[in-house]
There are 2 protein chains.
Amino acid sequence: MYDIIFKHLEEKVRLTQEEKEVIKTFFKPKKLKKKQFVVVEGHVCTYLTFVSKGLLKSYHSDDKGNEHINQFSPEGWWTSDMSSFFSGGISFYSIDAMEDSEVLLITREDFENLTIEVPVMDRYFRLLFQNSLITKERRLISSHTHTAEEKYRHLVENNPDLMKRIPQNLLASYLGLSPETLSRLKKNVIIGPK
Amino acid sequence: MYDIIFKHLEEKVRLTQEEKEVIKTFFKPKKLKKKQFVVVEGHVCTYLTFVSKGLLKSYHSDDKGNEHINQFSPEGWWTSDMSSFFSGGISFYSIDAMEDSEVLLITREDFENLTIEVPVMDRYFRLLFQNSLITKERRLISSHTHTAEEKYRHLVENNPDLMKRIPQNLLASYLGLSPETLSRLKKNVIIGPK
DNA sequence: AAATTCAATTGATCCAGATCAACTATTTGG
DNA sequence: CCAAATAGTTGATCTGGATCAATTGAATTT
């Protein structure tokens with residue numbers, strides 16, 4: 001269960017055996033059934049979540065009840081409503097499991113203690129957030145510059161594996177398109193081998 | 001010149017006098033005239049830039065030559081093409097000064113050394129990136145959920161000060177709107193006192 | 001302060017993608 | 001294994017915001 005998190009941590013930072021032991025003590029493993037929630041919009045997001053198996057999604061429901069997907073989180077990814085988790089305010093997103101999943105949970109307090117006891121975790125999260133930030137920036141510019149078709153093409157070309165696990169209506173939501181539009185434009189997009 | 005950066009660092013982390021001295025040695029101060037570039041799209045972004053005075057913008061030009069503003073950076077903010085800066089690839093954005101400005105520059109190599117010599121800087125940047133990430137996420141969801149008018153209203157309500165320094169066509173670009181659309185919708189938006 | 005360049009407004013037209021609606025798969029749970 | 005729910009397709013229509021074009025207004029430069 002912890003193998004996967006250490007593998008991911010060690011892609012960014014070096015850890016001693018003692019550090020690993022400390023890290024272990026801070027995370028609580030949990031199994032999630034498909035459709036089970038980690039946090040519901042409007043509540044406080046108590047945990048930062050590492051996905052060791054399965055697939056979660058985080059999304060926001062607007063006034064009209066339409067859902068807008070913020071992020072998909074497969075194995076090896078982190079998820080949370082960061083704003084709520086770090087500031088204690090209410091959550092803007094709901095997060096739930098799209099498949100039966102296994103996660104590692106850490107509370108805000110334990111997160112603070114972790115970064116104090118194992119300072120290299122600050123570096124790890126600095127690098128993690130740094131990379132996410134680059135991705136989010138690009139996605140935002142892409143939402144202004146690219147057509148619906150271009151956005152879809154980029155997505156499938158860059159995540160062919162993940163796409164197979166995600167129903168089309170949720171992809172549409174992630175891209176900010178209506179399901180009908182995505183259905184229609186697919187016909188023009190032939191994804192060939194690279 | 002360094003007062004402003006220390007003020008900002010110390011909003012997030014505690015620094016000893018010795019650490020401050022070390023930090024100082026890594027940053028190179030520079031004055032920028034209005035319209036002067038920090039980096040031009042397609043080149044490598046050599047510096048991470050702290051703005052101690054003035055206002056910069058980072059933007060991307062698409063195939064059709066349209067400019068899309070990624071970020072405005074007034075005093076106390078950082079700017080860079082993070083992807084280029086950290087990975088050494090070519091820059092996706094251009095960054096230039098919208099007003100005569102003063103900045104502090106640090107190279108990639110010095111940034112690495114800084115985080116090693118003053119490890120608390122990892123924490124500082126972890127916190128910085130964490131907050132940016134929250135903002136970017138919201139902006140992205142907003143670009144899917146809100147109308148042009150709502151996006152504009154949010155922007156002016158949350159940054160009334162900054163708005164006064166930014167010409168309307170650049171605001172339009174930042175919001176992903178045409179200048180004409182922004183001009184028109186302004187008539188419906190009465191920004192009252194809170 | 002006149003000249004040039006750049007920013008903002010206003011009008012007319014157009015279009016990508018949304019919405020509404022009906023129908024057809026495909027899942028999922030009992 | 002069947003019923004009910006959910007996901008995907010296709011067609012017809014609508015619309016927010018883009019684009020094109022002309023005009024006015026404000027800054028910079030000389």
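In what follows, chains carry the letters A, B, and so on, assigned in the order in which the sequence lines appear, proteins first and then strands, with residues in each chain numbered from 1.
Between A/M163 atom CE and D/dG8 atom P the separation is 13 Å, expressed in whole Å. Rounded to a whole Å, the CE atom of B/M98 is 11 Å from the P atom of C/dA7. Taking atom OH of residue A/Y152 and atom C1' of nucleotide C/dG17, one finds them 17 Å apart after rounding to whole Å. If you measure from atom CD of B/E150 to atom C1' of D/dG17, you get 14 Å, rounded to the nearest angstrom. Between B/L185 atom CG and D/dG16 atom P the separation is 13 Å, expressed in whole Å. Atom CD in A/E180 sits roughly 18 Å away from atom P in C/dA25 (whole-Å rounding). Protein atom NZ of A/K151 is 13 Å distant from nucleotide atom C1' of C/dA18, rounded to whole Å. Rounded to an integer number of Å, the gap from A/Q168 CD to C/dT27 C1' is 15 Å.
Geometrically, B/K20 engages B/F6 in a cation-pi contact, judged by NZ or CZ lying under 6.0 Å from the ring centre and within 45° of the ring axis. For the pair B/R139 and B/Y174, the cation-pi test (distance below 6.0 Å, angle within 45°) is passed. In this structure, A/R108 is not positioned above the aromatic face of A/F86 in the sense of NZ or CZ being under 6.0 Å from the six-membered ring centre and within 45° of the axis.
Residues of residues 53-73 of chain B having a heavy atom closer than 4.0 Å to DNA chain C: none are found.
Of the options A/R165, A/K7, A/K53, a salt bridge (charged side-chain N to carboxylate O under 4.0 Å, His left out) to A/E75 is made by A/R165 and by none of the others.
Taking only side-chain atoms of B/A148, from C-beta outward, the nucleotide of C/dA18, D/dG17, C/dA8 with the closest atom is D/dG17. Listed nucleotides C/dA8, C/dG17, C/dG11 differ in distance to B/R184; the shortest reach to its side chain belongs to C/dG11. In this structure, the nucleotide among D/dA7, C/dA8, C/dG17 sitting nearest to the side chain of A/P167 is D/dA7.
Contact check, A/S183 against D/dT9: a side-chain N or O comes under 4.0 Å of OP1 or OP2. A/N169 has a side-chain polar atom (N or O) that falls below the 4.0 Å cut-off from OP1 or OP2 of D/dG8. For D/dG8, neither phosphate oxygen OP1 nor OP2 lies less than 4.0 angstrom from any side-chain nitrogen or oxygen of A/K186. Remark: A/K35 is not in phosphate contact with C/dT28, judged by side-chain N or O atoms under 4.0 Å from OP1 or OP2. Between A/S178 and C/dG17 there is no side-chain N or O to OP1 or OP2 distance below 4.0 Å.
Residue contacts shown for A/L177 are limited to sugar-phosphate atoms, with no base heavy atom under 4.0 Å away.
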Under a 4.0 Å heavy-atom criterion, the protein footprint on nucleotides 23-30 of chain D, written with B, S and -, is -----S--

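Classification of the B/Y93-B/H60 ring pair by plane angle, with boundaries at 30° and 60°, yields perpendicular. Using a 30° and 60° split on the angle between ring planes, A/H146 and A/H154 fall in the tilted class, from 30° to 60°. The aromatic rings of A/F85 and A/F111 sit perpendicular, their planes meeting at an angle over 60°, well past the 30° parallel limit.
More than 12 heavy-atom neighbours from other residues, nucleotides or ligands sit within 6.0 angstrom of NZ on B/K12. For B/K30, the NZ atom is loosely surrounded, since the number of other residues' heavy atoms within 6.0 Å does not exceed 12.
Not a single donor-acceptor pair under 3.5 Å links the side chain of B/Q130 to the backbone N or O of B/L127.
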